[in-house]
Amino acid sequence: MINLLTSGSSVFQKIGDALTSKIALIVYAAIVLVLLIFLVIRIALNEQNRVSELKRWQEARHANEKREAVDDVRKDLNQKMDAIDRKVSSVISGLEEGIALTGVAPVAETEAAEEEREEADEGEENGEEEKGEEGGSRFYMLTEIDRSYENYERPEYNDKITLRELCEEFRNYSAGELKLYYDIEDIRRFIGALAVTKLIILQGMSGTGKTSLAYAFGEFLQNKTVVVPIQPMWKERTDLVGYYNEFTKKFNETTLLYKMYEANYNEEIYITVLDEMNIARVEYYFAEFLSLLEIPNADGRNLDIVADRREDDPKLLQKNGKMRLPTNMWFVGTANNDDSTFSISDKVYDRAMVLNLDKKAIPFEAEGSAMKISSTHLMELMEKAQREYDISDRNLRRIRKLDEYMIKTFHITFGNRIMKQIRSYVPVLVACGGTEVEALDDILSRKVFRKLESKNPVYVKQMAEGLCGYLDELFGEDQLPLCKETVRLIEQNV
């Protein structure tokens, strides 16, 4: 009995040694590795099957979408063919009635009915191709403008009004007729900006009258302002002016394209509002306009519309498919600076005139009436003001000294573009009723001191007191309040 127990324990001991030996551990590891490999292969196969199923589902969905599109086209064509059949049937019925009454078939009408039937048969055979060719010109709206201006007569414009009177009449009309109130300084700045560039940016808090200012000006001129709501996904100029649809063989015209084409026919002043302009990137959808507006010669500002010109295209479309940008249209962009918008780049700011509408004006009683003012007369008034109220030599010396100070202290220079804008803006603002120093204060704060925002804020804060002191020394104490306010705001933000 003892021997049996002894022999049994030795057997169990040998089994335990065998299970815990190195060979056994290697076997265990091999088994685990095989199981892991099997598991990985199983997961990979399942994932491959899932991807294949997803791919088949997407292909089936795309096939269904194509099938639905084809069905829609076929349905549209069938509806057109039914309409043609009804028209032809009505013609034939009329002919049959004529035959019944007279006993003679009108030959010309019978041939016309046969031609219509042949055209209907061709349309059925050619499908989409024939669908695009019917209906005349690919520019429906623009050719309608051509027709409407065939017997155009120039209206009577008020060609005696001055810039000062224009500002006052516009302000009184807005208050009296529209109940929209603006400070006379803001009206002067708006009119002065028209002399500098074709792009004006109105900034400010919501409710300060950015869009309504441009709207009111259109009402005052009896030429309604065009409002273009900018969409967040806009990236190219076709979003503004439209595009040629290869399927319909027509050009998808926009309201802006319509107004631009119409403006080339007359002397009206056109205001186009780019509402919420920085909800998309201005440098994308407005890029071509920015480049063209920089060309000094207005005859060279031609916008690409289509690749070539056809015989039945609008009259003012050029041979190369381009259209001249009208000189009597101004673009007014409204901008909000919040988390839902893009920041406006220096490229856009440098080419535009910026007006900040930061406060609401106090309501007042006034009477005013709308009037017709031609763009020709407005530009003549601006050119006359630039001759008569050119910047004084004293202020030109001050500007040069300020330019040297800004270069030395902040590496900011005025540049040729800004100097040209100053020479265009200041005289017009003076002609509108302002003063030369007020005009310089306004344009310098928008064009030069705004650039301090891109500099090292800590350094700007350190130099702010010295800069404000230099402005007082150069122009007189508190003569440039807007410039000093811009510097102080940057200092506070730090």
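What's counted below: heavy atoms across the whole structure, side chains too, no hydrogens, waters or symmetry copies. Numbers for residues simply follow the sequence, beginning at 1.
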Verify, without hydrogens or angle tests, whether [X] (side chain) and [Y] (backbone) share a donor-acceptor contact under 3.5 angstrom.
X: W330; Y: I200; answer: no
X: K198; Y: T327; answer: yes
X: T334; Y: E276; answer: yes
X: S375; Y: I269; answer: no
X: T197; Y: A193; answer: no
X: K447; Y: Y349; answer: yes
X: D403; Y: F414; answer: yes

## Note on the structure
Between R324 and the options L317, L303, N302, the side-chain contact (heavy atoms from CB on, under 4.5 Å) test singles out N302
Judged by modelled atom types alone, do [X] and [Y] share a side-chain donor-acceptor pair under 3.5 Å?
X: E268; Y: N328; answer: no
X: D346; Y: S454; answer: no
X: Y425; Y: D442; answer: yes
X: D239; Y: Q231; answer: no
X: Y261; Y: T143; answer: no

If the threshold is 4.0 Å, N to carboxylate O, is there a salt bridge linking [X] and [Y]?
X: E219; Y: K224; answer: yes
X: K322; Y: D304; answer: yes
X: E144; Y: R147; answer: yes
X: D308; Y: R138; answer: yes

Taking the side chain as every heavy atom from C-beta outward, state whether [X] and [Y] have any atom pair closer than 4.5 Å.
X: F170; Y: L213; answer: yes
X: L402; Y: I399; answer: no
X: T211; Y: D275; answer: yes
X: F410; Y: L467; answer: yes
X: L257; Y: I305; answer: yes
X: Q421; Y: I443; answer: yes
X: I418; Y: K451; answer: yes
X: F286; Y: R281; answer: no

### Task
Just do the salt bridge (Lys or Arg N to Asp or Glu O under 4.0 Å) check on D441 and R446 with the steps written out, would you?
CA-CA 9 Å; D441 182 31; R446 311 284 181 248; over 6 Å; no
### Message
Could you work out, with ring pair (Phe, Tyr, Trp, His ring centres under 6.0 Å) as the rule, every residue matching Y243, not counting sequence neighbours?
### Response
none
Could you grab the distance from atom [atom1] of [X] to atom [atom2] of [Y], nearest 0.5 Å is fine?
X: D146; Y: L316; atom1: CG; atom2: CG; answer: 6.0 Å
X: Y182; Y: S212; atom1: OH; atom2: OG; answer: 3.0 Å
X: K259; Y: T272; atom1: NZ; atom2: OG1; answer: 9.0 Å
X: L199; Y: L290; atom1: CG; atom2: CG; answer: 6.5 Å
X: L440; Y: C483; atom1: CG; atom2: SG; answer: 8.5 Å
X: F38; Y: I43; atom1: CZ; atom2: CD1; answer: 10.5 Å

Minimum heavy-atom distance between [X] and [Y], given as atom pair plus value:
X: H411; Y: K455; value: O-NZ, 3.8 Å
X: T225; Y: I271; value: CG2-O, 3.2 Å
X: N278; Y: A335; value: OD1-CA, 3.6 Å
X: G136; Y: K250; value: O-NZ, 3.4 Å
X: A263; Y: P326; value: CB-CB, 3.6 Å
X: V487; Y: A464; value: CG1-CB, 3.7 Å

### Query
Which is it for R189 and D186 under the salt bridge (Lys or Arg N to Asp or Glu O under 4.0 Å) test, yes or no, and what are the steps along the way?
CA-CA 5 Å; R189 290 166 187 159; D186 290 331; 3.3 Å; yes
With a sphere of 6.0 Å drawn around [atom1] of [X], does it hold more than 12 non-hydrogen atoms of other residues, nucleotides or ligands?
X: E465; atom1: CD; value: no
X: I362; atom1: CD1; value: no
X: D312; atom1: CG; value: yes
X: Y459; atom1: OH; value: yes

### Full working for side chain to side chain contact (heavy atoms under 4.5 Å, CB included) between Q203 and L357
CA-CA 6 Å; Q203 295 185 153; L357 300 178; over 6 Å; no
### Task
Evaluate side chain to side chain contact (heavy atoms under 4.5 Å, CB included) for M406 paired with V448, printing each intermediate quantity in order.
CA-CA 9 Å; M406 296 299 289; V448 178; 4.2 Å; yes
### Message
Checking T254 against Y258 for the side chain to side chain contact (heavy atoms under 4.5 Å, CB included) test, could you report, in this order, the C-alpha distance in whole Å, the side-chain angles of both residues, the deciding distance, and whether it holds?
### Response
CA-CA 6 Å; T254 63; Y258 179 92; over 6 Å; no
### Task
Could you please spell out the steps behind the side chain to side chain contact (heavy atoms under 4.5 Å, CB included) verdict for M260 and M329?
CA-CA 7 Å; M260 286 171 56; M329 176 174 284; 3.6 Å; yes
### Task
Under the side-chain hydrogen bond (donor to acceptor under 3.5 Å, both in side chains) rule, collect the residues that match up with E253, sequence neighbours excluded.
none
### Test salt bridge (Lys or Arg N to Asp or Glu O under 4.0 Å) applied to R417 and E294, step by step
CA-CA 10 Å; R417 180 187 286 116; E294 283 291 290; 3.1 Å; yes
### Task
Using the six-membered ring of F289, assess whether NZ or CZ of R237 lies under 6.0 Å from its centre and within 45 degrees of the ring axis.
no
### Task
Quick one: sort the F190 and F217 rings into parallel, tilted or perpendicular, breaks at 30° and 60°.
perpendicular
### Message
With salt bridge (Lys or Arg N to Asp or Glu O under 4.0 Å) as the criterion, how do E485 and R488 come out once you've worked through the C-alpha distance, each side chain's angles and the decisive distance to 0.1 Å?
### Response
CA-CA 5 Å; E485 180 184 357; R488 297 297 187 193; over 6 Å; no
### Query
Among Y244, F139, Y140, which one satisfies ring pair (Phe, Tyr, Trp, His ring centres under 6.0 Å) with F251?
F139
